[in-house]
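Read through the structure below, which is laid out as structure tokens, and then see the notes.
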2 protein chains.
Amino acid sequence: MATIDDVAKLAGVSKGTVSSVFSKKRPISKEVTERVLEVAKELGYYPNHIARSLAMKKTMIAGLKMPISKDGIMSQFEIQMINGVIKECSKHGYRVLLDTLPEHDDPNQFSSDPVDGMIMLNPRKHDPRIARYEQMGIPLVLVGRPDPIDAKVSYVDNNNTQLSYEVGDYLLRSGHTSILFLNASSDMTVAYDRESGLAEAFERHGLSLHKEYVINYSRRLHSSPTEYGYISIHNTYQRLEYTAVITDTDRVALGVLRAARELGIKVPDTLSVIALSNDTKLAQEMTPKLTSVELSAEKLGAEAAHLLVEKMRDPAVMRHHIVQAELVYRESCKQLR
Amino acid sequence: MATIDDVAKLAGVSKGTVSSVFSKKRPISKEVTERVLEVAKELGYYPNHIARSLAMKKTMIAGLKMPISKDGIMSQFEIQMINGVIKECSKHGYRVLLDTLPEHDDPNQFSSDPVDGMIMLNPRKHDPRIARYEQMGIPLVLVGRPDPIDAKVSYVDNNNTQLSYEVGDYLLRSGHTSILFLNASSDMTVAYDRESGLAEAFERHGLSLHKEYVINYSRRLHSSPTEYGYISIHNTYQRLEYTAVITDTDRVALGVLRAARELGIKVPDTLSVIALSNDTKLAQEMTPKLTSVELSAEKLGAEAAHLLVEKMRDPAVMRHHIVQAELVYRESCKQLR
DNA sequence: CTGAAAGCGCTTACAG
DNA sequence: CTGAAAGCGCTTACAG
């Protein structure tokens with residue numbers, strides 16, 4: 001393919017002039033501009049992004065480091081997060097490089113990415129990569145908090161514990177005292193955070209969260225989140241007699257609603273339902289419309305990207321940002337008093 | 001940050017030697033290797049990907065050209081497709097550059113991407129970018145067929161026309177003669193393809209597809225796909241008296257089911273419902289379980305990536321690949337005879 | 001407004 | 001096994 005040299009020669013000008021015609025960084029006379037453009041078109045010349053990046057030390061690309069799980073499945077949360085990153089980046093003229101390649105065993109094989117900055121998902125404990133990006137002088141923003149917490153690194157995160165406290169408090173204040181909690185899979189830190197938040201709400205109301213009212217999703221036991229919700233209601237409703245159920249996601253709630261319909265339980269009249277995340281975005285399209293928490297995975301991504309953009313402008317910027325998930329009241333909960 | 005020169009000097013060797021230590025492209029003695037590695041570590045040296053790319057004319061990055069809609073929403077189809085692309089690319093050591101930046105008005109501003117090849121979504125009619133990538137010598141694979149069809153470009157696509165023929169044929173053979181078609185937005189080529197496939201099925205059965213039985217989604221008129229399905233049933237059921245409805249996606253079907261419930265229409269007893277795509281993956285979690293088409297968006301992405309990897313190895317490769325969408329029979333359709 | 005030249009940080013024949 | 005030098009295709013002071 002044609003290079004800047006080819007164009008310069010054929011147009012009878014210097015490379016610098018051709019460069020300026022395309023970058024517009026210094027004024028070029030109209031005649032010359034036209035001649036260069038014409039020749040460029042004739043030759044099918046397009047500036048080489050890599051060469052330009054090398055010369056300018058700037059790529060206008062933001063990296064997103066996101067190890068892909070072995071089964072290759074991205075969660076809805078990840079997907080929305082990516083979406084947020086992309087939107088925010090493209091707003092500022094950055095493109096996004098998805099780096100899903102697994103880490104090489106040999107740290108010497110570690111190669112820099114052609115990026116101006118990096119967003120890293122789910123940092124591990126004592127993640128060595130954090131120091132590496134520091135050394136390379138690549139601005140870094142984490143999604144999820146660093147462990148141990150490091151005041152020198154920027155990150156964004158959700159307020160999971162506080163959130164389930166809020167949800168629990170809302171239901172308890174509404175007069176519900178017996179609440180079924182269909183939590184996330186127990187190996188997720190978010191499940192832990194949520195349970196402790198909910199337990200705290202119970203305590204605050206002089207009650208306690210009974211173990212048998214907490215069920216965890218299990219990929220092994222449940223064929224799908226919806227099935228998980230469906231089965232759990234059928235298995236427990238007679239026995240436990242709760243007046244409200246908190247579900248992991250809206251998909252789980254979908255199963256709860258179905259089971260309720262079958263059992264003749266009116267939602268929200270005899271059973272209130274509330275979902276801790278709005279995965280499928282279908283909450284307001286259900287019958288009844290589902291009261292749910294907007295986790296704002298997308299916002300999380302957008303905030304991370306926003307922070308990164310700032311950091312790329314000024315590497316001294318250092319900040320933490322907690323994205324407040326928001327409880328959206330719709331039609332699936334009822335005040336008992 | 002440290003460069004190859006710094007390392008070379010401090011280790012008392014040439015740049016070429018340092019280069020070889022990292023690339024392992026030619027053997028370096030053990031002593032020298034160790035010395036270089038030590039110095040590199042001390043200096044915090046990591047090879048510069050951009051400089052390497054320029055020298056090698058190879059980036060190990062695949063581009064994914066995907067204009068982001070103004071509201072910034074990616075459809076489930078796009079998301080799954082991206083997922084497929086990423087999986088396949090990372091399998092072959094490629095990272096993915098998401099290029100969501102809107103096309104610049106000025107074609108002279110068009111800049112090459114730092115990629116070894118490109119996957120482009122939804123090519124437009126007479127898309128000028130196709131020729132551009134050709135000129136730049138960048139291997140290109142389209143997702144969706146080029147318009148007009150160009151034998152020189154590689155692409156993957158669904159068999160949309162045939163598929164809706166199949167769906168129509170299935171319903172007609174089942175004894176349905178009056179079918180409502182809630183099609184995609186009319187500006188999408190897929191909407192055209194589907195309608196012509198369905199019309200063909202009608203003809204084959206000696207019938208014809210009446211215009212008023214075909215409704216197109218409109219972002220302006222409908223607040224959501226689900227709403228589109230819901231409203232459309234309410235607006236037409238008394239007047240048109242169909243026994244089956246084909247919907248654009250499963251989300252539209254969700255609205256249809258809700259409207260049917262309200263109107264006391266039994267699905268599938270008095271109304272059969274079938275969705276042409278399985279966007280939310282909720283088809284089998286609905287009540288009744290929805291008969292729907294599995295478009296295999298992810299497969300589409302993976303196939304595109306696979307083709308691209310081949311093309312990057314050998315630019316002469318040229319191929320079309322049709323991903324067969326599959327009609328999955330569940331519980332929402334009834335045989336009338 | 002334009003040119004000549006150095007420089008960005010690597011790789012790669014060529015030589016030894 | 002290693003070095004010196006040219007080259008990848010741009011940008012950017014410096015000079016005029």
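Just so it is clear: chains get the letters A, B, ... in the order the sequence lines come, proteins before strands, and each one is counted from 1.
- In this structure, B:Ile61 and B:His49 have side chains that are in contact, with non-hydrogen atoms separated by less than 4.5 Å.
- Checked by atom type, the side-chain pair A:Thr17/A:Ser20 shows no donor-acceptor distance below 3.5 Å.
- Between A:Tyr45 and the phosphate of D:dC10, there is a side-chain N or O to OP1/OP2 separation shorter than 4.0 Å.
- Residue B:His49 contributes atom NE2, which lies 11 Å from atom P of C:dT11 at whole-angstrom precision.
- Between C:dT2 and A:Ser29, a contact under 4.0 Å exists linking OP1 or OP2 to a side-chain N or O.
- If you measure from atom NZ of A:Lys24 to atom C1' of D:dT12, you get 19 Å, rounded to the nearest angstrom.
- Comparing D:dC10, C:dT11, C:dC1 by their nearest atom to the side chain of A:Ala51 picks out D:dC10.
- Taking 4.0 Å as the cut-off between side-chain N and carboxylate O, A:Lys152 and A:Glu134 do not count as a salt-bridged pair.
- The distance between atom OH of B:Tyr46 and atom P of C:dG9, rounded to the nearest whole Å, is 17 Å.
- Going from atom CE of B:Met136 over to atom P of D:dG9 covers 15 Å, rounded to whole Å.
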Under-3.5 Å N/O pairs linking protein and nucleotides 14-16 of chain D:
none

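- Ion pairing of A:Arg313 with A:Glu310 is absent here, as no side-chain N (NZ or NE/NH1/NH2) approaches a carboxylate O to less than 4.0 Å.
- Side-chain atoms of B:Glu38 and B:Glu34, non-hydrogen and from C-beta on, never get closer than 4.5 Å to each other.
- Under the 3.5 Å distance criterion, the side-chain polar atoms of B:His321 are left unmatched by any main-chain donor or acceptor of B:Leu300.
- Between the side chain of A:Asn159 and the main chain of A:Ala325, a donor-acceptor pair closer than 3.5 Å is present.
- In this pair, B:Tyr45 and B:Phe22 present their aromatic rings perpendicular. The plane angle is above 60°, beyond the 30 to 60° band.
- At a threshold of 4.5 Å between non-hydrogen side-chain atoms, the residues A:Glu298 and A:Lys87 count as touching.
- By the 4.0 Å N-to-carboxylate-O rule, B:Asp193 lies close enough to B:Arg145 to be salt-bridged with it.
- In this structure, B:Lys58 atom NZ and D:dG9 atom C1' are separated by 19 Å, rounded to whole Å.
- Scanning DNA chain C for stems, defined as runs of 3 or more consecutive Watson-Crick or G-U wobble pairs whose donor-acceptor distances all fall under 3.5 Å, gives the following ranges: C:1-3 with D:14-16, C:5-12 with D:5-12, C:14-16 with D:1-3.
- Per the geometry, CE belonging to A:Met56 stands 18 Å off P belonging to D:dG9, to the nearest Å.
- As rounded to whole Å, 13 Å separates atom C1' of D:dT11 from atom CD1 of A:Ile28.
- Residues of residues 8-18 of chain A that place a heavy atom closer than 4.0 Å to DNA chain D, in numerical order, are A:Lys15, A:Gly16.
- Using a 4.5 Å heavy-atom threshold, the side chains of B:Pro146 and B:Asp127 count as separate.
- Using a 4.5 Å heavy-atom cutoff, the side chains of A:Met120 and A:Ile130 are in contact.
- The 5' end of DNA chain D is approached more closely, in terms of each residue's nearest nucleotide, by B:Lys30 than by the other of B:Lys30 and A:Met1.
- Ranked by how close their nearest DNA chain D nucleotide is to the 5' end, B:Lys57 and B:Val32 are led by B:Val32.
- As rounded to whole Å, 11 Å separates atom P of C:dT12 from atom CD1 of B:Ile4.
- Among the protein residues, B:Leu54 comes within range of the nucleic acid bases, having at least one heavy atom under 4.0 Å from a base atom.
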